[in-house]
Protein chains: 2
Amino acid sequence: MAGSKSKSSRVTLIDVARKSGFSPSTVSIVLSEAPLSRYVAAKTKERIRKAAQSLGYRPDVFARSLRSRRSHTIGVLVFDISDPFCVLILRGIEKTLQSTSYLPILMDAQHDREQFERYFDLLMERRVEGLIVVANWLFDEGGLLERLKDRHMPTMVVGRDVSEKNIGSVIVDNETGGYIAVKHLYELGHRRIAVIRGPGALSDSNRRWNGIHRFAGEHSLQLDEKLVRQLPGAIDPISGFEGGVQITEDLLRSRQKFTALVAFDDLTALGAIRALSGAGRSAPRDCSIIGFDDVPLAALSTPGLTTIRQPMEDMGSAATSRLLNALGNSRVTAEVSTNLELLRPALVLRDSTSRLA
Amino acid sequence: MAGSKSKSSRVTLIDVARKSGFSPSTVSIVLSEAPLSRYVAAKTKERIRKAAQSLGYRPDVFARSLRSRRSHTIGVLVFDISDPFCVLILRGIEKTLQSTSYLPILMDAQHDREQFERYFDLLMERRVEGLIVVANWLFDEGGLLERLKDRHMPTMVVGRDVSEKNIGSVIVDNETGGYIAVKHLYELGHRRIAVIRGPGALSDSNRRWNGIHRFAGEHSLQLDEKLVRQLPGAIDPISGFEGGVQITEDLLRSRQKFTALVAFDDLTALGAIRALSGAGRSAPRDCSIIGFDDVPLAALSTPGLTTIRQPMEDMGSAATSRLLNALGNSRVTAEVSTNLELLRPALVLRDSTSRLA
DNA sequence: CACAACTATTGAATCGATTTAATTAGTAGA
DNA sequence: TCTACTAATTAAATCGATTCAATAGTTGTG
């Protein structure tokens with residue numbers, strides 16, 4: 001075809017300059033919409049854009065980033081993508097980023113702390129302009145975020161409360177969640193309610209318990225200590241399931257009576273259902289069970305799991321918006337407002353809970 | 001501190017050159033292990049490395065890529081990351097890439113075809129050196145890969161058979177999978193076996209059916225046409241579940257007798273279990289159910305789902321290895337060997353199937 | 001001893017953009 | 001008339017590496 005170099009070398013800015021009859025400088029200014037483009041005549045702009053278009057010009061990301069010292073990327077570091085909890089958060093992040101000029105660079109630390117740090121460094125090397133850490137409940141708080149503090153990189157953490165200078169967090173209101181969970185069971189008539197608390201090291205765990213406790217206090221509901229158990233420290237995404245199985249088996253063996261159970265999260269709840277079934281009982285007939293999170297598979301189990309939903313997609317969006325906000329104000333002194341953002345949980349009614357006969 | 005410039009400007013190659021006493025050229029050659037480094041004296045190398053180390057030098061990715069025309073990255077394009085099927089494949093890819101100098105750049109098309117193309121272009125713009133497409137069963141075959149063919153970019157597709165020039169695929173041996181599935185039920189004594197086939201447009205679906213059919217032929221097992229149904233075209237990752245519910249309800253209503261059911265995949269199987277339970281029956285007591293895939297949640301449902309495992313992590317690894325291989329031979333003419341790689345499925349025994357009473 | 005071949009290192013060009021300071025022209029105010 | 005400012009455009013420097021051709025020095029060989 002006429003005009004198309006047989007050598008399929010890339011189309012560069014200079015090609016556009018030649019074709020449009022303006023200098024590379026002007027072309028650059030127009031196409032990258034630099035501040036100076038205010039002074040460029042409208043006709044010039046148009047002609048340059050047309051030339052670029054007709055040549056199919058795409059700026060070279062590397063050259064651009066090298067000179068401008070901007071990457072137009074945001075690092076998204078997930079601690080363990082196999083945790084179903086994460087996926088919807090990612091969706092929220094991606095959707096929010098879509099309308100901007102930022103590109104997410106997603107890395108999965110595969111539940112490995114070293115990997116996490118390695119990828120963290122890689123993201124820094126790639127000069128991401130901001131960072132979103134998706135921290136599932138396995139995320140070890142101790143010191144892992146130390147290095148985040150050093151760099152002055154606007155950072156948001158989703159799913160974990162990390163109150164540090166220049167680091168913002170978005171999490172669900174765990175206390176309210178716990179409150180709602182028992183409230184639901186209470187309103188169904190249950191009074192002997194077992195609770196499987198999360199690992200003690202997890203702040204989520206304690207907050208949810210606080211909510212449960214507060215409700216109990218307000219309604220003079222007796223929480224029998226013998227019916228309150230705690231998951232051991234978690235190792236991988238499904239250890240919650242196994243913990244749920246074991247603790248529930250143990251509760252059943254103990255011959256304590258209970259007609260309902262609040263599980264720390266959905267996986268624990270699924271474990272409880274499994275244990276119940278193993279003992280020849282079933283939910284909700286013999287025992288109502290409520291989970292927490294509303295991970296996708298909660299809707300797919302039989303019975304469908306009644307649970308407290310974390311608005312995961314919203315959490316992703318909220319974190320991203322705040323990050324963008326910090327980035328927009330002034331890139332140099334970008335500071336994420338430090339405070340914590342709490343999102344409201346919601347009760348999702350399915351079939352694992354029922355009115356006490 | 002002594003030596004540390006208060007202005008925290010980056011450490012560049014020139015700084016290392018100054019400190020080590022060699023020229024930038026030599027430093028570059030040594031640190032990037034270019035071919036010429038064969039001729040650099042061992043002592044020189046050592047001194048340069050030490051200088052770089054002590055300054056904390058990290059090469060600038062953008063400058064490097066600009067000049068060398070290499071990005072050291074591999075694009076990983078997932079059609080829908082919320083499909084549990086994908087996650088383990090990703091893990092396989094990442095693990096294989098870890099020991100190399102390639103960095104995966106992961107993008108999630110969020111089940112949106114336009115998004116897929118947008119991200120595809122973005123990856124090209126970022127000059128990835130190879131591409132891995134993780135295509136779950138929702139991936140629309142028609143024409144979506146057209147553009148892959150144009151660019152001469154080494155490409156592997158996981159989870160879908162795309163036989164195109166210069167595109168390799170890695171999938172599970174679906175026919176064998178189907179064969180194993182009925183075989184298992186047959187050996188448990190089942191003779192009246194229902195089958196929920198996948199959407200007709202899906203080649204997976206037909207292959208699995210072929211396997212089932214072949215087994216039936218070899219063992220003169222009668223497959224009652226009235227017990228064979230087909231899922232409608234899929235829309236989102238969980239439409240298999242709903243399809244499973246509806247078809248199973250329909251089968252139950254039809255009053256045809258069957259003691260076992262082969263579901264197209266795990267989600268469909270979970271749907272079948274749900275429908276069974278809705279009709280007051282349960283698996284495996286009233287009907288044995290076998291799924292396909294072994295997605296993570298198959299182990300968490302009650303009863304645990306007996307299923308045919310796709311070796312997803314291996315599939316990811318295999319695809320990556322072959323891509324690396326193509327990349328290694330000669331970057332310019334890198335060609336992925338076109339042929340399809342079939343991985344063996346395996347029966348995973350859990351509790352949703354049992355011997356016919 | 002001349003010539004090649006190899007070792008060891010470097011100067012200078014280059015990748016493709018952005019950005020700064022400079023240039024020109026026009027126009028308004030003192 | 002001179003200054004000051006704005007509008008419109010551009011030449012040239014720059015970002016931080018890689019790479020190629022060039023330069024010596026050294027060794028081998030016929």
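Order of the sequence lines fixes the chain letters, A, B, ..., with proteins taken first and strands second; residue numbering starts at 1 for each chain. This one's a predicted model, so the numbers in the text were calculated from it and none came from an experiment.
- In this structure, A:S65 reaches neither bases nor backbone, as no heavy-atom distance under 4.0 Å exists between it and the strands shown.
- In this structure, A:T96 and A:L324 have side chains that are in contact, with non-hydrogen atoms separated by less than 4.5 Å.
- As rounded to whole Å, 17 Å separates atom P of C:dA17 from atom CG of B:D60.
- Regarding B:E125, its CD atom lies at a distance of 11 Å from the P atom of C:dA17, rounded to whole Å.
- Checking A:S25 against A:S28 by side-chain atom types alone, no donor-acceptor pair falls below 3.5 Å.
- For B:R49, the CZ atom sits in a packed shell: over 12 heavy atoms of surrounding residues, nucleotides or ligands are nearer than 6.0 Å.
- Of the charged side-chain nitrogens involved, none lies within less than 4.0 Å of a carboxylate oxygen, so that B:D112 and B:R118 do not count as a salt-bridged pair.
- Computed from C1' positions of five pairs at each end, the angle between the two local axes of the helix from C:dC1-D:dG30 to C:dA30-D:dT1 equals 50°, rounded to 10 degrees.
- Donor-acceptor pairing under 3.5 Å is recorded for the side chains of A:Q98 and B:Q115.
- Residues A:S82 and B:R91 meet the side-chain proximity criterion, which asks for heavy atoms closer than 4.5 Å.
- Counting only heavy atoms from C-beta outward, the side chains of A:Y57 and A:P59 approach each other to under 4.5 Å.
- We find that CZ of A:R69 is positioned 18 Å from P of C:dA17, with the value rounded to whole Å.
- A side-chain donor from one of A:T26 and A:S23 sits under 3.5 Å from a side-chain acceptor of the other.
- When heavy atoms are screened at a 4.0 angstrom cut-off, A:S28 is found touching base atoms of the nucleic acid.
- Running 5' to 3' along DNA chain D, contacts with non-hydrogen atoms of chain B at under 4.0 Å begin and end at D:dG16 to D:dT19.
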(request) Apply the test side chain to side chain contact (heavy atoms under 4.5 Å, CB included) to residues B:D108 and B:F79: give CA-CA distance (whole Å), side-chain angles for both, the deciding distance (0.1 Å), then the verdict. (result) CA-CA 6 Å; B:D108 166 27; B:F79 189 67; over 6 Å; no
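- The shortest distance between the side-chain N/O atoms of A:R64 and the OP1/OP2 oxygens of C:dT18 is below 4.0 Å.
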(message) Each nucleotide in nucleotides 4-12 of chain C should get exactly one letter: B, S or -. Can you fill that in based on protein heavy atoms under 4.0 Å?
(response) ---SBSBBB
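- Counting heavy atoms from C-beta on, the side chains of A:E313 and A:E94 never come closer than 4.5 Å.
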(request) Start with the C-alpha distance between A:R58 and B:D121, add both sets of side-chain angles, then the distance that settles salt bridge (charged side-chain N to carboxylate O under 4.0 Å, His left out), and finish with yes or no. (result) CA-CA 10 Å; A:R58 319 241 65 188; B:D121 289 340; 5.3 Å; no
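- Atom CD of A:E33 is separated from atom P of C:dA17 by 16 Å (rounded to the nearest Å).
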